[in-house]
Amino acid sequence: MSVAVVQVLRAQNGSGGTLPWGSPVIDCHFHQRATLEGNLAHLNGSGCQAAYLLSRVTSVDDTKRFMAQEPSRFPGYSVSTDVTASDAVQLLTAAVKAGAHGIGEIKSHVAADGPEMRRLYAAAAELNVPITLHFQEVPHTPTEGVFNTGFKRFDKILTEFPKTRFVGHCDAFWANVSADYADNIDYPRTPIVRGGITDKWLSDYPNLFADLSANSGNNALTRDPSFTADFLKRHTDKLFFGSDCACADGHGSGISQQGNPGAARLAGKCVARETLAVLKANSSPDLFHKLVWLNGHRVYNLQV
Ligand SMILES: [Zn+2]
Ligand SMILES: [Zn+2]
């Protein structure tokens, strides 16, 4: 990339003087794009200053190059791989020892309390890094399948692995903010029945955190406006912003929802912008700053 292109990308960022959201923002659920330009385009378009890059063990060379090129924009990264492979733990352990700040997002067709995941939870505790998990009980398409199933039993894992820091994300995690969730729909839009297990466990377990990313996170924050502000206040130190947005430019262009029919509500929109707007409308400036900047840095142990 030419110097001129970099300067244009920097100029679009707004962090040179103004902060579009009133606070610096780190996107903590940012799937690494193939090029530096692609990564910066989404960050700059959505008004974010930094991203925690979700990488794969096979893409870490790119990650390290992006971080070297733009250290202030990319302060850290996590690694994932297919956990059903027999060498998954060795690969992830080696990647953490080589610099990764976390493990994840882990998204394989296994039970969240099955043997593949248990060995990973133990490794994450041993390595002292958080693990980010995709919980999904309902397939989005006929062929997609489900991931880390059995979330309703996850309190047993939280108890069994007190030294593992878990970051929850995705459909089943967020649908369970409502006590009436029956693993039957991806994105419920009905008013939230108070006392859902996600809400309760965020209060009860010091080792459970959550990123507010994707249509699922946005859905939980918008389905029942009377729930949102109190929920954010209740878990001031446990929640942090991420987008999981696949749009190209931080304004919704391209396929922002990866063709997921259940997420059509946000088609053509940038999830980062949508969720930042909801967070801003439902929090004080201090709380917003925690949710979009401080908490992500703290949980993933990133230098501010
Ligand atoms: Zn996910
Ligand atoms: Zn976007």
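For reference, positions follow the sequence shown, starting with 1. This one's a predicted model, so the numbers in the text were calculated from it and none came from an experiment. Just so you know, ligand 1 is whichever comes first in the structure, and atom 1 is the first atom listed for that ligand.
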* Residue-atom pairs from the protein, N, O or S only, that lie under 2.8 Å from the Zn ion (ligand 1) ->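 Only E105 OE2, H134 ND1, H169 NE2 fall inside 2.8 Å of the Zn ion (ligand 1).
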* Asked: Are any of the side-chain heavy atoms of T275 and L221 separated by less than 4.5 Å?
  ->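 They are in contact (side-chain heavy atoms under 4.5 Å apart), so the answer is yes.
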* Asked: Should side-chain heavy atoms under 4.5 Å link Ile, Leu, Val, Met, Phe, Trp and Tyr, which residues sit in the same cluster as V146?
  ->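 Other cluster members: none.
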* Of all residues at least two apart in sequence or in a different chain, which pass the side-chain hydrogen bond (donor to acceptor under 3.5 Å, both in side chains) check with H101? ->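 Scan of H101 (side-chain hydrogen bond (donor to acceptor under 3.5 Å, both in side chains), adjacent residues dropped) gives none.
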* **Minimal non-hydrogen separation, A85 against R119, with atom names** =>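 Heavy atoms of A85 and R119 come nearest at O-NH2, 2.9 Å.
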* To do: Could you tell me which non-hydrogen atom of H42 sits nearest to which non-hydrogen atom of G250, and how far apart they are?
  =>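 For H42 versus G250, the nearest heavy atoms are CD2-N, 3.5 Å.
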* Asked: Angle at the Zn ion (ligand 2) between SG of C247 and SG of C245, to 10°?
  ->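 Result: 110°, to 10°.
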* **L92 side, atom CG; L127 side, atom CG - distance, nearest 0.5 Å** =>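 One gets 9.0 Å once the value is rounded to the nearest 0.5 Å.
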* Taking side-chain contact (heavy atoms from CB on, under 4.5 Å) as the test, write out the residues that go with N184, two or more places apart. =>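 Here the qualifying residues are Y181, A182.
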* **Metal check, the Zn ion (ligand 2) vs H251 N/O/S, cut-off below 2.8 Å** =>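 Checking the Zn ion (ligand 2) against H251, no N, O or S atom falls under 2.8 Å.
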